[in-house]
Amino acid sequence: MSPLDPAHGRHLLEQMLRVRRMEERCAELYTQSKIRGFLHLYVGEEAAATGVIEQLEPEDAVVATYREHGHALLKGTPMTAILAEMYGVAEGCSGGRGGSMHLFDMDHGVYGGNAIVGGGLPVAVGLALADQLAGRPRVTACFFGEGAVAEGEFHESMNLAALWDLPVLFCCENNLYAMGTALARSESETDIAAKAAAYEMPAWPVDAMDVVAVERAAARAVTAVRNGGGPHFLELRTYRFRAHSMFDPERYRDKAEVRTWRERDPIDLLERRLRDEGSLDDAGMAGIEERVASEVDAAVAFAEAGTPEPVETLGRHVTSEPTGGGVR
Amino acid sequence: MSPLDPAHGRHLLEQMLRVRRMEERCAELYTQSKIRGFLHLYVGEEAAATGVIEQLEPEDAVVATYREHGHALLKGTPMTAILAEMYGVAEGCSGGRGGSMHLFDMDHGVYGGNAIVGGGLPVAVGLALADQLAGRPRVTACFFGEGAVAEGEFHESMNLAALWDLPVLFCCENNLYAMGTALARSESETDIAAKAAAYEMPAWPVDAMDVVAVERAAARAVTAVRNGGGPHFLELRTYRFRAHSMFDPERYRDKAEVRTWRERDPIDLLERRLRDEGSLDDAGMAGIEERVASEVDAAVAFAEAGTPEPVETLGRHVTSEPTGGGVR
Amino acid sequence: MSTTTYREAMRDALAAALRDDDRVFLMGEDVGAYGGCFGVSLGLFEEFGPERIRDTPLSEAAFVGAGIGAALGGMRPIVEIMTVNFSLLALDQIMNNAATLLHMSGGQCNVPIVIRMTTGAGRQLAAQHSHSLEGWYAHIPGLRIVTPATVDDARWMLQTALDDPDPVLLFEHGALYGAEGELTDDLGPVDLDRAAVRRSGTDVSLITYGGTLPTVLAAAEELAGRGIDAEVVDLRTLRPLDDEAILGSVARTHRAVVVDEGWRSGSISAEISARITEGVFYELDAPVGRVCSAEVPMPYARHLEIAALPSVDGILQAVEELGLRG
Amino acid sequence: MSTTTYREAMRDALAAALRDDDRVFLMGEDVGAYGGCFGVSLGLFEEFGPERIRDTPLSEAAFVGAGIGAALGGMRPIVEIMTVNFSLLALDQIMNNAATLLHMSGGQCNVPIVIRMTTGAGRQLAAQHSHSLEGWYAHIPGLRIVTPATVDDARWMLQTALDDPDPVLLFEHGALYGAEGELTDDLGPVDLDRAAVRRSGTDVSLITYGGTLPTVLAAAEELAGRGIDAEVVDLRTLRPLDDEAILGSVARTHRAVVVDEGWRSGSISAEISARITEGVFYELDAPVGRVCSAEVPMPYARHLEIAALPSVDGILQAVEELGLRG
Ligand SMILES: Cc1ncc(C[n+]2csc(CCOP(=O)(O)OP(=O)(O)O)c2C)c(N)n1
Ligand SMILES: Cc1ncc(C[n+]2csc(CCOP(=O)(O)OP(=O)(O)O)c2C)c(N)n1
Ligand SMILES: [Mg+2]
Ligand SMILES: [Mg+2]
């Protein structure tokens, strides 16, 4: 293993930490009822989105699920806009109408935030189709959990993308559970990457607790996709450290299993490696933590200062016509 | 190739001919507007259903598509009831309410006649689930075209059946076209049997112009399914000699291609073989044709003599309550 | 009589059905090991095991279709769909098969399935988890649509639904799960063809069902304080509608407001309004009023969500618009 | 002016849109090599090639979803679903995405897609190919539902639909394809917000759309012979409804019958009836009548299918029930 470029390594660490610390604060805010609805945390899985999105260009597109705070942040959505969204205020990236599960930010290529499992895949295929038709060298990265693999929309989308050679990168975040359902209880074939063979799509598994491994795989895949190599598929093997959502009593898995996975916390792994390679010391780490903390603080302050949309505008954005706030 | 048992060989030939001659008559009746709606003929594909259904027990179940006249007939539905159904009369196997695309006959295990491509697969899975739960050694054979493979319901059903080890036999009638869409224009991976690997389901392709080959494959698969071997998958490679339905001008394929396939007409192939093996002579063939012709004549006469359901009963069978013909 | 929650009442109903009839099984996403997305089936996995409390993959079309097939095969499946929005993935199976097989087969293929799902808003789950589509489903011939609103109905409707030889869709409003109420022991199967008058009154009929029943009862209380005596009709079943109860009530009160959480245009309220007009036009002292949800995909923000939903104030205003001032 | 069929008018509309705007493409099952299930797109494959006349696999959810994504990506996709019953497979994408993305994203994500599909009965295609669900779709906020009934509308509505920044569902009644009519050259984009009065009259408003317009016009002729002067309103767009046109007509005639091919309960007719009651109650000389399809999955047998559908006789009877006898 050759040493990581120190600056880049620290950058990756900071990116993951931004996601982690933001979400830890979200969890607190949830218990204070500042954030409501469903809240799905990405804690433990940060290396997956970080490694992939690091390889994307600003104009590239991301389609994600309800567990997408990290994806939006890493793609460029300001943390302020994300927190404001969870507060349900006008300054949120979706104007307070979407909430935690529906972060949108077209300026940064963030196309949701789709809370129907599997529902984002056809949309990602369509974005890629538009790019192909328009001759744009854009890549659409579509994130989804391994639970989505059982859905018909997964299957149909995989086939369309492969049949039409579309520039999509399918990123399956295999964290072994769909809510309480372990992979082996939902798939007759548990080797997710192998499923891509049924569509003649290049696919391979990646240790997604190792952000560097993810980045390496993503680099290869993104390049291939961008250069007309058709859709690619990454199985990002990861683990969710926390409950599925804030309501989940986690009856379906062992504490010991969680403990074992926590030993491979992607942030700890990278921190250790950087320290081992002499690229990070206590002061460096403290600097990162401090920057991140102040970004989180600022985001919370921003959200706290947000303004609710006037109730009179309830009917806005149902259709595009300037309806003056009325309901069509 | 060891010679076929003569009696069994002639039986298979007669079964295929029953389907062929019945459908040829249907085509005529369609041009006379005796039969209406959509009419999808199985001409050229008879060996597929014949070979498989020959291996089923009377209590086994069949779920098929809108191209299911042969399946119903072979499973035991009287030709009279089939013709009457296409005439839309009360004596039809679905009381005239289903028509060509919706032949039902619970007494013979015929569960439709489903005209939503892919729509029968989940139902077949459910029938098998009921059998498994009830401990019945029944097999459900589910027929569908290769076009259905692109549908999400195909994928979901394959996974459920394999995951739960259900006694279903999936029979994909690969006739290379879904209406006007050639297989290679609809699937990125055109090896249909290989797709079953994504579900860890035993699967293999069969030359379905050869009824004996189909029977052999079906024997193996049905036995395995019945003995708790879980779902199996047969790719029945066949060809449709006629148009998709009576409306299809067949702009999408070469006449030459059709001619080439017609050289392997499953009925001719078997007839030739039986003659070569000395199991069939002109008199024998004439006898079969005669029996079949009179069955068809009788069926048409039966349908012609059928009685339309009284209009007052329109609302029957919407719900089960004896509604006295009213609409709930 | 005892006090219990709607959630527990529903769970008791499931447990009783599973105990009484070997053909009954429960199938759906996370009904087993997880204990049910909203905790309804908690503990059933332990009692009845993984065959009868069957966790499914995320495959709404296939497992609803499998329920239909299992029903054809003689079982009595109860299929749970977590949230009504996800049921759209299974609509082909629900409309093209469950609702249609009996007719298409000329009366051969009964489909005795019960499909349960959570419906409704109020928990800030936004536009893909919050809709109220039960009234929309009531458009489909061949289905029975039931909407238990009380603890008793949560406990006692399921058995009637299971006894129905045809498909029943049972909608549980998410906001009701935690609601407490009096449970009548041994009430026995509910007559699903009959609406229930939850409060008698003479001045106006407030017609509702499911999640909005508590709101309507609160509005009726408020009206009582203003000297207006409202009758509250809980439809219970949206298909078929109990015309006799609806028209009977309006014929007595001469005024009606229909309240439901569906979007207004094309809502079940429209159907009820049309039927009232058709049935007792000359009894009406004022046009039938409707209080529905605003026609927006449900927004996340709390104040917007509240504004989108039927409220006591909205009902009071609708009553006022009938010319009733107490 | 020239005479043409509805099918050809639709094809001309498609061809013109494809010629005018590079962002437009047509996608669906067998729209290309086969020439379209009902022959609508015949010849377009040859003119525009397989990229823009794009045959899809049988994957309704994915190709409708891909149309949504392509629309987000700046294209103007026209997605064809062969028959309305198959659209149920795509309902998740239609309701949870197409209709919802704009709102959920706080106004960022327009979805300028046009989804065309064949609707309706009359060709003995039985219970999985014959339903009329356009009125049912009109329940969904965020969608525009249009139903061309004439050759002119078949030719000229598509462009307005494509110009709409939001999703439009365009329903073509299968029985209309072969219908001939006068085509107005260069009529230009139709105002989809406006219903059209297809026949003026003073005694009763017959309100309809799409496939039942010819039946209603025939009924109006018949009524004229009996001395009853019926006004025929073609709604054209089912969402949003043109309240002004509807209420205006009824305010003049004081009587209304709504005719549509959907199942009666929860039909768009119910909504129209409710709105008329709400809007012009005191103008009504009789309750609003409805003529809809019988609430059965469509049977195959010709006589049963005919009996299930709205008919001239049914309309005449409904008019008679309003107390109008000419
Ligand atoms: C179609 C649909 N069915 C069910 C749900 C409820 N649900 C939300 S998340 C989830 C589990 C998904 O698991 P997975 O795809 O592995 O993603 P993860 O949550 O593990 O990231 C379920 C069942 C849903 N949102 N959409
Ligand atoms: C869900 C759905 N989409 C489209 C159709 C229209 N359709 C009927 S048959 C058919 C082709 C099916 O091809 P395949 O599955 O290969 O069966 P085959 O007709 O070749 O036997 C199509 C597109 C349908 N009936 N159902
Ligand atoms: Mg997961
Ligand atoms: Mg085929």
Side-chain angles (χ1 to χ4, degrees), chain C residues 60-61 85-86 88-89 91-97 99-104 126-128 131 133 135-142 238-241 258 262-279 281-282 284 286-290 294-300, chain D residues 60-61 85-86 88-89 91-97 99-104 126-128 131 133 135-142 238-241 258 262-279 281-282 284 286-290 294-300:
Chain C
E60 284 79 2
N85 280 62
F86 314 156
L88 301 177
L89 288 160
L91 244 173
D92 165 50
Q93 290 297 325
I94 295 173
M95 193 188 304
N96 288 326
N97 282 340
T100 306
L101 277 163
L102 182 68
H103 190 79
M104 245 171 15
Q128 293 183 330
H131 293 137
L133 301 178
W136 197 56
Y137 272 107
H139 181 53
I140 307 172
L238 304 188
R239 183 177 190 94
L241 285 169
V258 194
W263 294 305
R264 182 185 182 92
S265 295
S267 60
I268 189 83
S269 295
E271 178 62 30
I272 294 166
S273 169
R275 289 194 189 194
I276 293 173
T277 305
E278 285 157 12
F281 184 69
Y282 300 100
L284 285 174
V288 179
R290 288 191 281 168
E295 303 198 35
V296 299
M298 203 52 70
Y300 164 72
Chain D
E60 284 78 4
N85 280 65
F86 315 156
L88 302 177
L89 289 160
L91 245 173
D92 165 51
Q93 291 297 326
I94 295 173
M95 192 187 305
N96 288 327
N97 281 340
T100 306
L101 278 163
L102 182 68
H103 190 79
M104 244 168 19
Q128 292 183 331
H131 293 137
L133 302 178
W136 196 56
Y137 272 107
H139 181 54
I140 307 171
L238 304 188
R239 182 177 192 92
L241 284 169
V258 194
W263 293 306
R264 183 184 183 93
S265 295
S267 59
I268 188 81
S269 295
E271 178 61 30
I272 294 166
S273 169
R275 289 195 190 195
I276 292 173
T277 304
E278 285 157 13
F281 183 69
Y282 299 102
L284 284 174
V288 179
R290 287 192 282 168
E295 303 198 35
V296 300
M298 203 51 69
Y300 163 72

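Letters A, B, ... mirror the listed sequences (proteins, then strands); counts begin at 1.
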In terms of the angle between their ring planes, are D/Trp136 and C/Tyr137 parallel, tilted or perpendicular, with boundaries placed at 30° and 60°? perpendicular
Show the nearest heavy-atom pair for residues D/Ala270 and C/Glu271, with the distance to one decimal. CB-OE1, 3.3 Å
So, for C/Thr100 and D/Pro297, which heavy atoms are closest and what is the spacing to 0.1 Å? CG2-CB, 3.9 Å
May I ask you to test the C/Pro287-D/Thr277 pair for a side-chain heavy-atom distance under 4.5 Å? yes
Do C/Asn97 and D/Gln128 have side chains that approach each other closer than 4.5 Å (heavy atoms only, starting at C-beta)?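 C/Asn97 vs D/Gln128: side chains touch.
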With a 4.5 angstrom heavy-atom cut-off, which part of [X] approaches chain C: side chain, backbone, both or neither?
{"X": "D/Ala286", "result": "both"}
{"X": "D/Leu102", "result": "neither"}
{"X": "D/Leu133", "result": "side chain"}
{"X": "D/Tyr282", "result": "side chain"}
{"X": "D/Ala126", "result": "neither"}

If we ignore hydrogens and angles and just use 3.5 Å, is the side chain of C/Asn96 paired with the main-chain N or O of D/Asn85 as donor and acceptor?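 Yes, the answer is positive, given that a donor and an acceptor are paired below the 3.5 Å cut-off.
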Please state whether the side chain, the backbone, both or neither of C/Leu284 comes within less than 4.5 Å of a heavy atom of chain D. both
Note: vs chain C, highest number of non-hydrogen pairs under 4.5 angstrom among D/Val288, D/Ile272, D/Asp92 is D/Asp92
Would you please name every residue forming a salt bridge (charged side-chain N to carboxylate O under 4.0 Å, His left out) with C/Arg264, sequence neighbours left out? D/Glu278
Answer yes if the side chains of D/Ser265 and C/Arg275 hold a donor-acceptor pair under 3.5 Å, and no otherwise. yes
Taking atom NE2 of D/His103 and atom CE of C/Met298, what is their separation to the nearest 0.5 Å? 8.5 Å
